[in-house]
Amino acid sequence: MSRDDLFNINAGIVKGLCSAIAKYCPTALVNMISNPVNSTVPIAAEVFKKAGTYDEKKLFGVTTLDVVRGKTFYAEKAKIKVAYVNVPVVGGHAGITILPLFSQATPKANLAEGDIKVLTKRTQDGGTEVVEAKAGKGSATLSMAYAGAIFADACLKGLNGVPDVVECSFVQSTVTELPFFASKVRLRKNGVEEVLGLSSL
Ligand SMILES: NC(=O)c1ccc[n+]([C@@H]2O[C@H](COP(=O)([O-])OP(=O)(O)OC[C@H]3O[C@@H](n4cnc5c(N)ncnc54)[C@H](O)[C@@H]3O)[C@@H](O)[C@H]2O)c1
Ligand SMILES: O=C(O)C[C@H](O)C(=O)O
């Protein structure tokens with residue numbers, strides 16, 4: 001199935017599910033993981049707007065898998081334990097829209113520019129690499145579940161009032177001229193407490 005087919009099918013599924021969310025749980029935090037996330041999140045927003053339930057603080061595109069990939073590849077190259085690593089990933093969740101900010105990675109590893117280019121491409125192509133390896137049998141599954149669990153857990157911590165819960169997510173944004181953009185987001189009791197900027201690049 002091509003990504004265009006995926007869009008056509010998933011746009012309809014997302015529309016149906018979001019209509020049900022608007023009707024039965026209009027104040028829920030919605031974690032949109034269905035692809036293409038760059039499109040399914042704006043579709044969800046339109047469905048909620050039409051239903052009169054849209055709250056930009058409660059709609060999230062799940063881009064955590066890009067962060068998981070970015071930090072795994074960075075940790076391998078830098079020979080640091082991945083548990084200690086963080087790499088913000090901004091932009092979107094498809095190919096070159098996935099922008100890992102290795103310049104802001106912690107701990108700092110001073111990797112060569114060539115290495116950063118390779119790590120960037122590997123992070124951007126991570127999903128495609130899995131799709132191709134599975135040869136028609138779908139896309140990432142366990143790593144998607146892992147990433148989804150991390151993001152859902154962060155949302156629950158925010159709902160419980162835990163301070164300073166920060167994750168990257170594809171949300172309504174004024175960080176760039178794009179209406180939706182992935183960047184670091186601080187989560188709290190109402191969902192998005194603050195969409196954080198890009199810091200120095
Ligand atoms: N954002 C990410 O990081 C990421 C990573 C991997 C996969 N994905 C995406 O996640 C989505 C699911 O992938 P998967 O591997 O779990 O697919 P899957 O085919 O294993 O599961 C899809 C599920 O959706 C159900 N479904 C189908 N039509 C439905 C409808 N109208 N209403 C409710 N449920 C319906 C199916 O019964 C099935 O259980 C895909 O869009 C995939 O591209 C996203
Ligand atoms: O890239 C894909 O097609 C699937 C998924 O979004 C992923 O990142 O693994």
Side-chain angles (χ1 to χ4, degrees), residues 1-26 28-48 51 58-74 76 82 86-102 118-156 167-173 178 180-185 187 191-192:
M1 184 185 282
S2 75
R3 288 205 167 128
D4 285 346
D5 297 331
L6 196 63
F7 172 81
N8 289 331
I9 293 172
N10 285 359
I13 294 176
V14 163
K15 184 171 176 243
L17 292 176
C18 289
S19 302
I21 291 169
K23 189 165 174 197
Y24 295 107
C25 47
L29 300 194
V30 177
N31 290 182
M32 182 65 67
I33 203 161
S34 307
N35 272 312
V37 168
N38 292 1
S39 306
T40 51
V41 171
I43 290 170
E46 289 309 312
V47 174
F48 294 146
K58 295 188 171 174
L59 176 60
F60 303 88
V62 182
T63 57
T64 317
L65 187 47
D66 304 316
V67 174
V68 169
R69 288 178 177 137
K71 64 185 190 181
T72 302
F73 302 146
Y74 178 86
E76 268 171 18
V82 69
N86 209 354
V87 177
V89 182
V90 302
H93 179 69
I96 57 167
T97 69
I98 300 168
L99 298 167
L101 301 182
F102 291 112
V118 172
L119 295 184
T120 300
K121 179 136 179 45
R122 181 112 201 260
T123 306
Q124 291 175 331
D125 292 347
T128 307
E129 198 178 315
V130 177
V131 168
E132 286 175 1
K134 291 179 87 166
K137 295 206 171 80
S139 54
T141 42
L142 279 180
S143 58
M144 167 171 75
Y146 175 65
I150 290 174
F151 191 71
D153 188 53
C155 287
L156 291 174
E167 288 291 336
C168 291
S169 180
F170 186 71
V171 293
Q172 182 173 310
S173 174
L178 296 168
F180 293 89
F181 192 80
S183 66
K184 282 192 198 170
V185 167
L187 300 157
V192 174

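Along the sequence shown, the residues carry numbers beginning at 1. Below, all heavy atoms of this structure are taken into account, side chains as well, without hydrogens, waters or symmetry copies. Counting starts at 1 for both ligands and their atoms, in listed order.
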K.L.:
Should you measure from each heavy atom of N10, which atoms of ligand 1 turn up under 4.0 Å away?
P.N.:
41 (O)

K.L.:
Which atom pair, heavy atoms only, marks the closest approach of G70 to F102?
P.N.:
O-CE2, 3.6 Å

K.L.:
Return the minimal non-hydrogen interatomic distance between A140 and S143, and the atom names on each side.
P.N.:
CB-OG, 3.4 Å

K.L.:
Between S169 and V185, which heavy-atom pair has the shortest distance, and what is it?
P.N.:
O-CG2, 4.2 Å

K.L.:
Any protein heavy atom lying closer than 4.0 Å to atom 35 (C) of ligand 1?
P.N.:
no

K.L.:
In the structure I gave you, are the side-chain heavy atoms of Y74 and T123 within less than 4.5 Å of one another anywhere?
P.N.:
no

K.L.:
Going by the order shown, which atoms of ligand 1 are within less than 4.0 Å of some heavy atom of A140?
P.N.:
6 (C), 7 (C)

K.L.:
Would a 4.0 Å cut-off, counted as strictly less than, catch a protein heavy atom around atom 5 (C) of ligand 1?
P.N.:
yes

K.L.:
Looking at atom 43 (O) of ligand 1, tell me if a protein heavy atom falls under 4.0 Å from it.
P.N.:
yes

K.L.:
Less than 4.0 Å between atom 21 (O) of ligand 1 and some protein heavy atom, yes or no?
P.N.:
no

K.L.:
Under 4.0 Å from any heavy atom of H93, which atoms of ligand 1 are there?
P.N.:
1 (N), 2 (C), 3 (O)

K.L.:
Between V131 and S139, which heavy-atom pair has the shortest distance, and what is it?
P.N.:
CG2-CB, 3.8 Å

K.L.:
Does any pair with a residue in residues 127-138 pass salt bridge (charged side-chain N to carboxylate O under 4.0 Å, His left out), and if so which ones, sequence neighbours excluded?
P.N.:
R122-E129

K.L.:
Less than 4.0 Å from atom 16 (O) of ligand 1, is there any heavy atom belonging to the protein?
P.N.:
yes

K.L.:
Let me confirm one number: the CG-CD1 distance from N8 to I13, rounded to the nearest 0.5 Å.
P.N.:
11.5 Å

K.L.:
Hey, is atom 1 (N) of ligand 1 under 4.0 Å from any protein heavy atom?
P.N.:
yes

K.L.:
Return a yes/no value: protein heavy atom under 4.0 Å from atom 10 (O) of ligand 1?
P.N.:
yes

K.L.:
Do any nitrogen or oxygen atoms of S34 come within less than 3.5 Å of a nitrogen or oxygen of ligand 1?
P.N.:
no

K.L.:
More than 12 heavy atoms of other residues, nucleotides or ligands under 6.0 Å from CD1 of I96: is that the case?
P.N.:
no

K.L.:
Could you tell me, atom by atom, which parts of ligand 1 come under 4.0 Å of a heavy atom of V62?
P.N.:
1 (N)

K.L.:
Report, one line per pair, each donor and acceptor closer than 3.5 Å where one atom sits in a side chain of residues 31-47; sequence neighbours left out.
P.N.:
from : atom 1 : to  : atom 2 : distance (Å)
N35  : OD1    : V37 : N      : 3.3
N38  : OD1    : H93 : N      : 2.7
N38  : ND2    : T97 : OG1    : 3.2
T40  : OG1    : S34 : O      : 2.8
T40  : OG1    : P36 : O      : 3.3
E46  : OE2    : K49 : NZ     : 3.2

K.L.:
May I have the step-by-step check of side-chain contact (heavy atoms from CB on, under 4.5 Å) for V89 and T63, ending in yes or no?
P.N.:
CA-CA 8 Å; V89 182; T63 57; over 6 Å; no

K.L.:
Would you say that Y146 contacts I150 through its side chain, given a criterion of any heavy-atom pair below 4.5 Å between the two side chains?
P.N.:
yes

K.L.:
Using non-hydrogen atoms of the residue, decide whether G16 is closer than 4.0 angstrom to ligand 1.
P.N.:
no

K.L.:
Between M144, R69, K137, K15, flag the one that comes closest to atom 7 (C) of ligand 1 by a heavy atom.
P.N.:
M144

K.L.:
Which heavy atom of F180 sits nearest a heavy atom of Q172, and at what distance?
P.N.:
CD2-N, 3.5 Å

K.L.:
Give the atom numbers and elements of ligand 1 that come within less than 4.0 Å of a heavy atom of L65.
P.N.:
3 (O), 5 (C)

K.L.:
Under a 4.0 Å heavy-atom cut-off, which residues neighbour ligand 2?
P.N.:
R3, N35, L65, R69, H93, G127, V131, S139, A140

K.L.:
Contact between V87 and F73 at the side-chain level, heavy atoms closer than 4.5 Å - yes or no?
P.N.:
no

K.L.:
Output all residues satisfying side-chain contact (heavy atoms from CB on, under 4.5 Å) with D153, sequence neighbours left out; order by chain, then residue number.
P.N.:
K157

K.L.:
Identify, for atom 33 (C) of ligand 1, the protein heavy atom at the shortest distance, and state residue, atom and that distance.
P.N.:
L17 CD2, 4.0 Å

K.L.:
Does atom 28 (N) of ligand 1 have a protein non-hydrogen atom under 4.0 Å from it?
P.N.:
yes

K.L.:
Would you check the N or O atoms of I33, main chain and side chain alike, for any that come under 3.5 Å of an N or O of ligand 1?
P.N.:
yes

K.L.:
Determine the minimum heavy-atom distance between C168 and P88, stating which atoms define it.
P.N.:
SG-CA, 3.9 Å

K.L.:
Judged on heavy-atom distance to atom 31 (N) of ligand 1, which of N31, I13, V131 sits nearest?
P.N.:
I13

